[in-house]
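Residue numbers start from 1 in every chain, and the chains themselves are labelled A, B, ... in the order their sequence lines are given, proteins ahead of strands. Just so it is clear, the model here is predicted, and its values are computed rather than measured.
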Protein chains: 2
Amino acid sequence: MPAAIDLPHPDRDDITLEGVLFALSDSERLAIARELRVGPLDAVNCVPWDPSMPKSTKSHLMKVLREGGVIRSVPNGRNRTLSLRRDDLDARFPGLLDAILDADH
Amino acid sequence: MPAAIDLPHPDRDDITLEGVLFALSDSERLAIARELRVGPLDAVNCVPWDPSMPKSTKSHLMKVLREGGVIRSVPNGRNRTLSLRRDDLDARFPGLLDAILDADH
DNA sequence: CCGTGAGTTCAACTATTGTCGAACTGTGCC
DNA sequence: GGCACAGTTCGACAATAGTTGAACTCACGG
């Protein structure tokens, strides 16, 4: 499967609190979410903190974030543009995303 | 080991965001935290939603919440009084606890 | 002081997650 | 068209997390 396929994202109402918390309960996934805070980013330009990580592992990280409803991952040429689902998350769980991303690290 | 032993709790500064998110990323643990919202509760009176759950399993749930820094668990006679570590969590991660516990379920 | 009650620990097991190589597929550039 | 690039999927394995019964410990009430 290519980089340019349309992957399934949960609808806003299907995003669960548990799913979001789980997705962000891992340091690396949390770091990705924090990177996306300033705006969408191509996956290629993201994740600069470990260039040696195999692509299948990166793909898996993105998958958990995507399936948890935390990020949106859309094809963009041969890349993928990742973005936070801020509107959906803010609507569904007000204050949650900022509380998490603002948190002391 | 009895019900009345002093179990280790992480210091405020040792509580990690990831640990808190992980502890609360499970429906049952989240439900316990929500029950404790109104105030401390003896473990016996808590967890009314599944009386058939083995005690070792309940003990494990409490352990994860305690080690994650979400709850405090102090001996109280032959029970254990559970309470949210609201002061510590609010100090360390402002807004996080309310955002989570207020969230739509 | 003995029995009961509440909760912890241990050990074994199951189940869920994470890691990574290999094979594969659209996309863009020549 | 051909080729390299970015990511996905699959499968196998490692690692972590959840479940539970049994043995144990302390506190309370007779």
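Rounding to whole angstrom units, CG of residue Leu21(A) and C1' of dA17(D) are separated by 17 Å. Taking atom CZ of Arg80(A) as the reference point, atom C1' of dC5(D) lies 14 Å away to the nearest angstrom. Between Glu67(A) atom CD and dT9(D) atom C1' the separation is 12 Å, expressed in whole Å. For Asn79(A) and dG7(D), the CG to P distance is 5 Å, given to the nearest whole Å. Computed from coordinates, the Arg66(A) CZ to dG7(D) C1' distance equals 11 Å when rounded to whole Å. With rounding to whole Å, His9(B) atom NE2 is found 10 Å from dT8(C) atom P. Following rounding to the nearest Å, Ile71(A) (CD1) and dG7(D) (C1') show an atom-to-atom distance of 13 Å. The distance from atom CG of Asn76(A) to atom P of dC5(D) is 18 Å, rounded to the nearest whole Å.
A donor-acceptor contact shorter than 3.5 Å links the side chain of Asp26(A) to the backbone of Glu28(A). The closest donor-acceptor contact from the side chain of Arg80(A) to the backbone of Ser73(A) lies under 3.5 Å. Formation of a donor-acceptor pair under 3.5 Å by the Arg66(B) side chain with backbone atoms of Pro8(B) is found in this model. A distance-only check finds no donor-acceptor pair linking the side chain of Ser59(B) to the backbone of Ser56(B) [under 3.5 Å].
A pairwise comparison of heavy atoms in Gly68(A) and Val20(A) identifies O-CG2, 3.6 Å as the closest pair.
Between Arg78(A) and dT25(C) there is no side-chain polar atom (N or O) within less than 4.0 angstrom of OP1 or OP2.
Residues satisfying the side chain to side chain donor-acceptor pair (under 3.5 Å) test with Asp98(A), not counting sequence neighbours, are Arg37(A), Arg86(A).
Bending across the helix from dC1(C)-dG30(D) to dC30(C)-dG1(D), expressed as the angle between its end axes from five pairs apiece, amounts to 30° (10° rounding).
Between Asp104(A) and Arg92(B) there is a salt bridge, since at least one side-chain N of the basic residue sits less than 4.0 Å from a carboxylate O of the acidic one. Comment: Arg72(B) engages Asp88(B) in a salt bridge, judged by a side-chain N to carboxylate O separation of less than 4.0 angstrom.
Looking at which nucleotide of DNA chain C each of Lys63(B) and Val44(B) is closest to, the 5′-most match is held by Val44(B).
The CD1 atom of Ile100(B) sits 10.5 Å away from the CD atom of Glu18(A) when rounded to the nearest 0.5 Å.
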Inset, instruction - Sugar-phosphate means primed atoms, P, OP1 and OP2; the rest is base. With that split, encode nucleotides 11-21 of chain C 5' to 3' as B, S or - using protein heavy atoms under 4.0 Å. - result: ------SSBBB

